[in-house]
Number of protein chains: 2
Amino acid sequence: METRIEKIKQQLQSQGYKLTPQREATVRVLLENEQDHLSAEDVFMLVKDKAPEIGLATVYRTLELLSELHVLEKMNFGDGVARYDLRDDNSRHHHHHLICVQCGAVDEIMEDWLGPFEERLEQEFYFQVLDHRLDFQGICYRCSDRGKPDSLNKSH
Amino acid sequence: METRIEKIKQQLQSQGYKLTPQREATVRVLLENEQDHLSAEDVFMLVKDKAPEIGLATVYRTLELLSELHVLEKMNFGDGVARYDLRDDNSRHHHHHLICVQCGAVDEIMEDWLGPFEERLEQEFYFQVLDHRLDFQGICYRCSDRGKPDSLNKSH
DNA sequence: TTCCCTGCAAAGGTTTTGCAATTAA
DNA sequence: TTAATTGCAAAACCTTTGCAGGGAA
């Protein structure tokens, strides 16, 4: 945790930005809720416990800045608000998502299934892939009363 | 074209809705720009030629209604506006998209690459797949000065 | 000092809603 | 007839921006 904050601090400083108390509080909220795909409003509510004086605009600016630094992934699941996801700094692409249409849960699959297709895209479609996004909508294990599958614990 | 409108008319009527002139004009615009992923504003501009008196709210309401009937797919590519895509009524899932980060073009891949993964999801992740979404971001053939690949003409 | 950063309030852009009038079935 | 539908304007939302004050190097 601390080392991850330290790393983010360095990323900020290397671009001339500062890790202010507000930014640090925001990052901590994101780290503590890493699985959750929080919206800006969600982050704002949570970060107010740590830094009650913070303004919503600051949260938006921080999330925007961290997205530009590729610390975060800004995402849109179609419910009208942007959501943010901490990025594994070693993985080139984002995770795949399992979105439950019943309870709204979003689980992540940490494997990358798309490598072979990206090769095909370059060769057959003349398309140079920089990133991808793969989401599945359906019914999650909670809503069909099955235990948590091992597969979802693999990488976290 | 006419038979597709007739079919949509029947879908509407079976749920107690009417195919008004405004709705028909909107559907025609969507059919004529099937490859284009139009925003509500785009549709509004185009539909005004056919029905100049139409209001933007009516376009929004029509798009929302058609999405509920699964005639359209409401989609969000992250630029702050919803975009709409006619749905093949015989295909269970949406298309895959190639989104160019340079010129903004969105091409479609008509094949479904994900069947084998969906089986894995049900078995290993206890996730019952209803739909999916696969988008690639990168540089399209136009922006890298290559001809249009045959692969993009396959199914249309 | 100097530049970055903040909170607040105002503005921006997209989408939804209330309402009285109109219209398709 | 009558329930659905429309256009307009206002409202609701999420997000961004302008600005004056504050703070770290």
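We name chains A, B, ... by the order of the sequence lines, and we start the count at 1 in each one.
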S.K.: Could you list the residues that satisfy side chain to side chain donor-acceptor pair (under 3.5 Å) with E24(A), not counting sequence neighbours?
M.R.: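 Residues passing side chain to side chain donor-acceptor pair (under 3.5 Å) with E24(A): R28(A).
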S.K.: Determine whether F117(A) and H96(B) make a side-chain contact, defined as any pair of heavy atoms from C-beta on separated by less than 4.5 Å.
M.R.: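 Answer no - side chains too far apart.
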S.K.: Would you say I109(B) and L134(B) make side-chain contact, with heavy atoms under 4.5 Å?
M.R.: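 Counting from C-beta outward, I109(B) and L134(B) never come under 4.5 Å.
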S.K.: In whole Å, what is the span from the CD atom of Q15(A) to the P atom of dC3(C)?
M.R.: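 Atom CD in Q15(A) sits about 18 Å away from atom P in dC3(C).
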S.K.: Taking DNA chain D as the partner, which of residues 71-83 of chain B come within under 4.0 angstrom of it by heavy atom?
M.R.: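 Output list: empty, so none.
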S.K.: Check whether V29(B) and I8(B) end up in the same hydrophobic cluster, where Ile, Leu, Val, Met, Phe, Trp and Tyr are linked by side-chain heavy atoms less than 4.5 Å apart.
M.R.: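 In one cluster: yes.
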S.K.: Could you state the CD-C1' distance from E24(A) to dG23(D), rounded to the nearest angstrom?
M.R.: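 Roughly 16 Å, once rounded to whole Å.
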S.K.: What are the two closest non-hydrogen atoms of Y126(B) and G147(A), and how far apart are they?
M.R.: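 In this case the closest contact between Y126(B) and G147(A) is CD1-O, 3.2 Å.
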S.K.: Salt-bridge test for R4(A) and E34(A): reply yes if a basic N is under 4.0 Å from a carboxylate O, no otherwise.
M.R.: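 Yes, charged N to carboxylate O under 4.0 Å.
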S.K.: Collect all protein-nucleotide pairs involving nucleotides 2-5 of chain D in which both atoms are nitrogen or oxygen and the distance is under 3.5 Å.
M.R.:
from	atom 1	to	atom 2	distance (Å)
dA4(D)	O4'	K18(B)	NZ	3.4
dT5(D)	OP1	K18(B)	N	2.6
dT5(D)	OP1	R23(B)	NH1	2.5
dT5(D)	O5'	R23(B)	NH2	3.2

S.K.: Within this structure, what is the CD1-to-C1' distance between I54(B) and dT23(C), rounded to whole angstrom?
M.R.: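 Distance, rounded to whole Å: 15 Å.
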S.K.: The criterion is side chain to side chain donor-acceptor pair (under 3.5 Å); which residues satisfy it with D107(A), sequence neighbours excluded?
M.R.: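 Listed in chain order: R142(A).
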S.K.: Tell me whether the OP1 or OP2 atom of dT15(C) has a side-chain N or O from Y60(B) closer than 4.0 Å.
M.R.: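 For Y60(B), the contact criterion (side-chain N or O under 4.0 Å from OP1 or OP2 of dT15(C)) is met.
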S.K.: Just distance, no hydrogens or angles: give the donor-acceptor pairs under 3.5 Å from side chains in residues 68-83 of chain B, sequence neighbours left out.
M.R.:
from	atom 1	to	atom 2	distance (Å)
E73(B)	OE1	R87(B)	NH1	2.6
E73(B)	OE2	H94(B)	NE2	3.4
K74(B)	NZ	E64(B)	OE1	3.4
N76(B)	OD1	G78(B)	N	3.2
D79(B)	OD2	R83(B)	NE	3.3
D79(B)	OD2	R83(B)	NH2	3.0
R83(B)	NH1	H37(B)	O	3.0

S.K.: Compute the bend angle of the helix from dT1(C)-dA25(D) to dA25(C)-dT1(D) from the end axes (five pairs per end), rounded to 10°.
M.R.: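 For the helix from dT1(C)-dA25(D) to dA25(C)-dT1(D), the axes at either end differ by 30°.
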S.K.: Would you give me the side-chain donor-acceptor pairs under 3.5 Å for residues 42-56 of chain A, sequence neighbours excluded?
M.R.:
from	atom 1	to	atom 2	distance (Å)
D42(A)	OD1	S39(A)	OG	3.4
D42(A)	OD2	S39(A)	N	2.9
D42(A)	OD2	S39(A)	OG	3.0
K50(A)	NZ	E32(A)	OE1	3.2
K50(A)	NZ	E32(A)	OE2	3.1

S.K.: Give me, pair by pair, the N or O atoms of the protein and of nucleotides 18-20 of chain D that are less than 3.5 Å apart, along with how far apart they are.
M.R.:
from	atom 1	to	atom 2	distance (Å)
dG18(D)	O6	R61(A)	NH1	3.3

S.K.: So does R133(B) pair up with D135(B), basic N to acidic O under 4.0 Å?
M.R.: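 The answer is yes: the pair qualifies as a salt bridge.
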S.K.: From CG of L63(B) over to P of dT14(C), roughly how many Å is that when rounded to an integer?
M.R.: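 Result: 15 Å.
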S.K.: Quickly work out the F44(A) CZ to dT15(D) P distance and round it to whole Å.
M.R.: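 My rounded result for the distance is 13 Å.
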S.K.: What pairs with D85(B) under salt bridge (charged side-chain N to carboxylate O under 4.0 Å, His left out), at least two apart in sequence or on another chain?
M.R.: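 Applying salt bridge (charged side-chain N to carboxylate O under 4.0 Å, His left out) to D85(B) gives none.
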S.K.: According to salt bridge (charged side-chain N to carboxylate O under 4.0 Å, His left out), who are the partners of K148(B), at least two apart in sequence or on a separate chain?
M.R.: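 In terms of salt bridge (charged side-chain N to carboxylate O under 4.0 Å, His left out), with neighbours along the sequence ignored, K148(B) is linked to no residue.
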S.K.: I want to confirm an ordering. Mapping S39(B) and P21(A) to their closest nucleotides on DNA chain C, which one lands closer to the 5' end?
M.R.: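 Result of the comparison: P21(A).
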S.K.: Taking salt bridge (charged side-chain N to carboxylate O under 4.0 Å, His left out) as the test, write out the residues that go with R146(A), two or more places apart.
M.R.: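 With sequence neighbours excluded, R146(A) shows a salt bridge (charged side-chain N to carboxylate O under 4.0 Å, His left out) to no residue whatsoever.
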S.K.: Please report the distance, rounded to the nearest Å, between CD in E64(A) and P in dC5(C).
M.R.: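 After rounding, the reported distance stands at 14 Å.
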S.K.: Return the value, rounded to whole Å, for the distance between atom CG of L56(B) and atom C1' of dT14(C).
M.R.: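 Interatomic distance, CG of L56(B) to C1' of dT14(C): 9 Å.
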S.K.: If you look at every strand shown and take non-hydrogen atoms under 4.0 Å, does E41(A) touch a base, only sugar-phosphate, or nothing?
M.R.: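 E41(A): no heavy atom of the nucleic acid under 4.0 Å.
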S.K.: Holding to salt bridge (charged side-chain N to carboxylate O under 4.0 Å, His left out), I want the full list of residues that pass it with E6(A), two or more places apart in sequence or in another chain.
M.R.: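 For E6(A) there are no salt bridge (charged side-chain N to carboxylate O under 4.0 Å, His left out) partners, ignoring immediate neighbours.
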